[in-house]
Amino acid sequence: MTQILQPTGDRVTREDCVAADAANPLAGFRDRFRLPESVIYLDGNSLGALPVGSAERAAEVVEKEWGTGLIRSWNTAGWFDLPRTLGDKVARLIGGNEGECVVTDTTTLNLFKALASAVRIQQAEHPAKRVILTERDNFPTDVYIAEGLADFLNSAIERVSAETGTAYEVRLIDEDLPLEAALDDDVAVVALSHVNYRTGAMWDMAAVTAAAHDAGALAIWDLAHSAGAVEVDLNDADADYAVGCTYKYLNGGPGSPAFVWVNERHQARFWQPLSGWWSHASPFAMADSYTPADDIRRFMCGTQPVTSLAMVENGLDIALAADMTTVRAVSLELTDLFIRLVRERCGEHPLTLVTPEEHARRGSHASFLHPEGYAVMAALIERGVIGDYREPHVLRFGVTPLYVGFADVYDAVEALRDILDTRAWDAAEFKVRNAVT
Ligand SMILES: *Cc1c(COP(=O)(O)O)cnc(C)c1O
């Protein structure tokens, strides 16, 4: 695709951005979201915007399907099949096949299920592999769940590990221990976030998966900041498992259920340990012992939150109507513009870019360190420029090309410049910490 933004001079002007918005092939999608007029929303990577039609769909589920249909709706309104029908739609966005994905539970829970399954496969084939390899800089829940699983496994095999001298261990990649050095014969599973939540740095999924396989390890990808934001092809990369959120770039609503994708070759091997009745081969047979479903339903657990689940579909349909190659191209232009404008207009302020500039290594947000990051973001939010703050000192600006345009980025950086120039952030009200940042 040719560059949409064509600056007329050395420095980008607001007029250049307005002209780019008029030429943006995704401009029409903005009308499919209900955003307040007074807001520039740069936090769709944390909670996506409300799509037109989702509130109506929720009302229909509550009033018609629940109120009138009552329990009949499990069969007549498609409730029972929702995890799979939605999972098939998610699969189309991430390079999965039909029958490889379900929308269910949370990303955290789905990661536990995927990790436990991967470890179980390795236990059978390579019992000496006891390392779960992840990243120090990963989203905290991903590290915590790996630690929890290792602790659980070790308590269960205490005697065995005392005899063999090995125990499960979570190994963390960081500056001192790069992936190449960490990925040895002991590694059972490599579990990484494709796009880093804080810096926006992106792994090369195909290359890392191939390296994991070469070392005899399985690869699990957390796509929380990838699905709907960057092009992902799980089957092409030959990934083993993937998980991710629907409430971020997929606009499913606050806390909407997550997805879990399992390569077909692993689906019928072993159980995942949250072997609830929805993962049973025949849940309503009410059998007195467990037989796992022989397909992706095995990765479900219990009864689904139908109202929230039903709202996911509308956001997915909008994402599917957009061409991901175009979304990615526009997203890169918008983060490029953000970075360029911060350099051009805020150059004298202590902002340090922590997002990789190389396109192949960048997701869909731009992050900057500022010593007073929390107060700066609070001052921006008060002016209706909504990004977010992540410890330590990181200002994070997500671009969601379905509803963020070039002039939005221009206006956001202008607000940032003004707040820094005038030191507007230096007020007591902007230093009070909220529970959610
Ligand atoms: C947002 C995010 C999560 C969130 O998990 P929940 O179970 O929905 O709380 C997990 N992993 C990553 C990488 C994320 O960015």
Side-chain angles (χ1 to χ4, degrees), residues 42-49 83 86-87 90 93-94 101-116 132-149 170 172-174 189-203 205 208 219-230 232 234 239 241-261 272 274 299-302 304-305 308-309 311-312 315 354-355 362-367 387-391 394 396-400 435-437:
L42 301 172
D43 213 359
N45 52 321
S46 201
L47 174 61
L86 297 177
V90 171
L93 287 168
I94 56 177
C101 188
V102 273
V103 175
T104 188
D105 297 334
T106 65
T107 301
T108 303
L109 280 170
N110 288 338
L111 181 62
F112 179 82
K113 292 182 264 182
L115 268 175
I132 298 171
L133 185 61
T134 183
E135 217 177 344
R136 191 175 302 283
D137 198 26
N138 204 341
F139 191 87
T141 208
D142 296 51
V143 177
Y144 303 164
I145 279 289
E147 289 176 329
L149 178 65
V170 178
L172 299 175
I173 298 167
D174 58 19
V189 189
V190 178
L192 296 172
S193 293
H194 181 222
V195 173
N196 184 279
Y197 78 101
R198 190 192 280 121
T199 63
M202 183 164 75
W203 288 101
M205 181 183 288
V208 174
I220 303 179
W221 291 99
D222 187 332
L223 304 179
H225 285 269
S226 309
V230 301
V232 175
L234 290 167
Y241 299 84
V243 299
C245 304
T246 64
Y247 56 76
K248 293 176 179 170
Y249 290 95
L250 298 175
N251 307 305
S256 59
F259 62 87
V260 51
W261 173 89
Q272 54 85 10
L274 300 182
F299 283 80
M300 304 202 327
C301 183
Q304 309 300 310
S308 183
L309 194 57
M311 277 207 288
V312 172
V354 293
T355 302
R362 189 196 309 161
S364 195
H365 64 267
S367 296
D388 64 23
Y389 172 78
R390 286 290 173 266
E391 291 293 347
V394 175
R396 189 170 71 156
F397 301 98
V399 302
T400 45
V436 175
T437 59

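First listed ligand is number 1; within each ligand, the first listed atom is number 1.
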Task: Per-atom contacts of ligand 1 with Thr106, taking only distances under 4.0 Å to non-hydrogen atoms - done: 7 (O)
- [ ] Find the distance between OH (Tyr197) and CG (Asn45) and round it off to the nearest 0.5 Å.
- [x] 12.5 Å
Open item on the list: Please list, in number order, the atoms of ligand 1 under 4.0 Å from a heavy atom of Ala224.
Closed with: 2 (C), 12 (C), 13 (C), 14 (C), 15 (O)
Task: Closest approach of any protein heavy atom to atom 7 (O) of ligand 1, naming residue and atom - done: Thr108 OG1, 2.5 Å
TODO: Quick one: look up the protein heavy atom nearest atom 11 (N) of ligand 1 and list residue, atom name and how far away it is.
DONE: Asp222 OD2, 2.8 Å
Task: Non-hydrogen atoms of Ala191 and Asn138 that approach each other most closely - done: O-ND2, 3.9 Å
Task: Residue pair Ile94 / Phe259, side-chain heavy-atom distance below 4.5 Å - done: yes
TODO: Heavy-atom contacts with His225 under 4.0 Å: which atoms of ligand 1 show up? List them by number with element.
DONE: 15 (O)
Open item on the list: So Leu93 and Leu250, do their side chains get closer than 4.5 Å, heavy atoms only?
Closed with: yes
Open item on the list: Any side-chain to backbone donor/acceptor pair from Thr246 onto Pro257? Under 3.5 Å, distance only.
Closed with: yes
- [ ] Please identify which atoms of ligand 1 are closer than 4.0 Å to at least one heavy atom of Thr141.
- [x] 10 (C)
- [ ] Please tell me if the side chains of Leu309 and Pro83 come closer than 4.5 Å, counting only heavy atoms from C-beta onward.
- [x] yes
Open item on the list: With respect to Asn138, determine whether any N or O atom, backbone or side chain, lies less than 3.5 Å from an N or O atom of ligand 1.
Closed with: no
- [ ] Considering the heavy atoms of Ser193, write down every atom of ligand 1 situated less than 4.0 Å from one of them.
- [x] 13 (C)
TODO: Measure the distances from the heavy atoms of Ala258 to every atom of ligand 1 and state whether one is below 4.0 angstrom.
DONE: no
Task: Mode of Leu111 contact toward ligand 1 - side chain, backbone, both, neither (heavy atoms, under 4.0 Å) - done: neither
TODO: Grab the two heavy atoms, one from Thr355 and one from Ser367, that are nearest each other, plus how far apart they are.
DONE: OG1-N, 2.8 Å
- [ ] Please check if the side chain of Gln272 supplies one atom and the backbone of Met300 the other of a donor-acceptor pair under 3.5 Å.
- [x] yes
Task: Atom of His225, atom of Ala229 and distance for their closest heavy-atom approach - done: O-CB, 3.8 Å
Task: Polar proximity ligand 1 side, Tyr197 side, N/O cut 3.5 Å exclusive - done: no
TODO: Starting from atom 1 (C) of ligand 1, locate the nearest protein heavy atom and write down its residue, its atom name and how far away it is, to 0.1 Å.
DONE: Lys248 NZ, 1.4 Å
Task: Numbered atoms of ligand 1 (with element) below 4.0 Å of Tyr247, judged on heavy atoms - done: 1 (C), 4 (C), 5 (O), 6 (P), 8 (O), 9 (O)
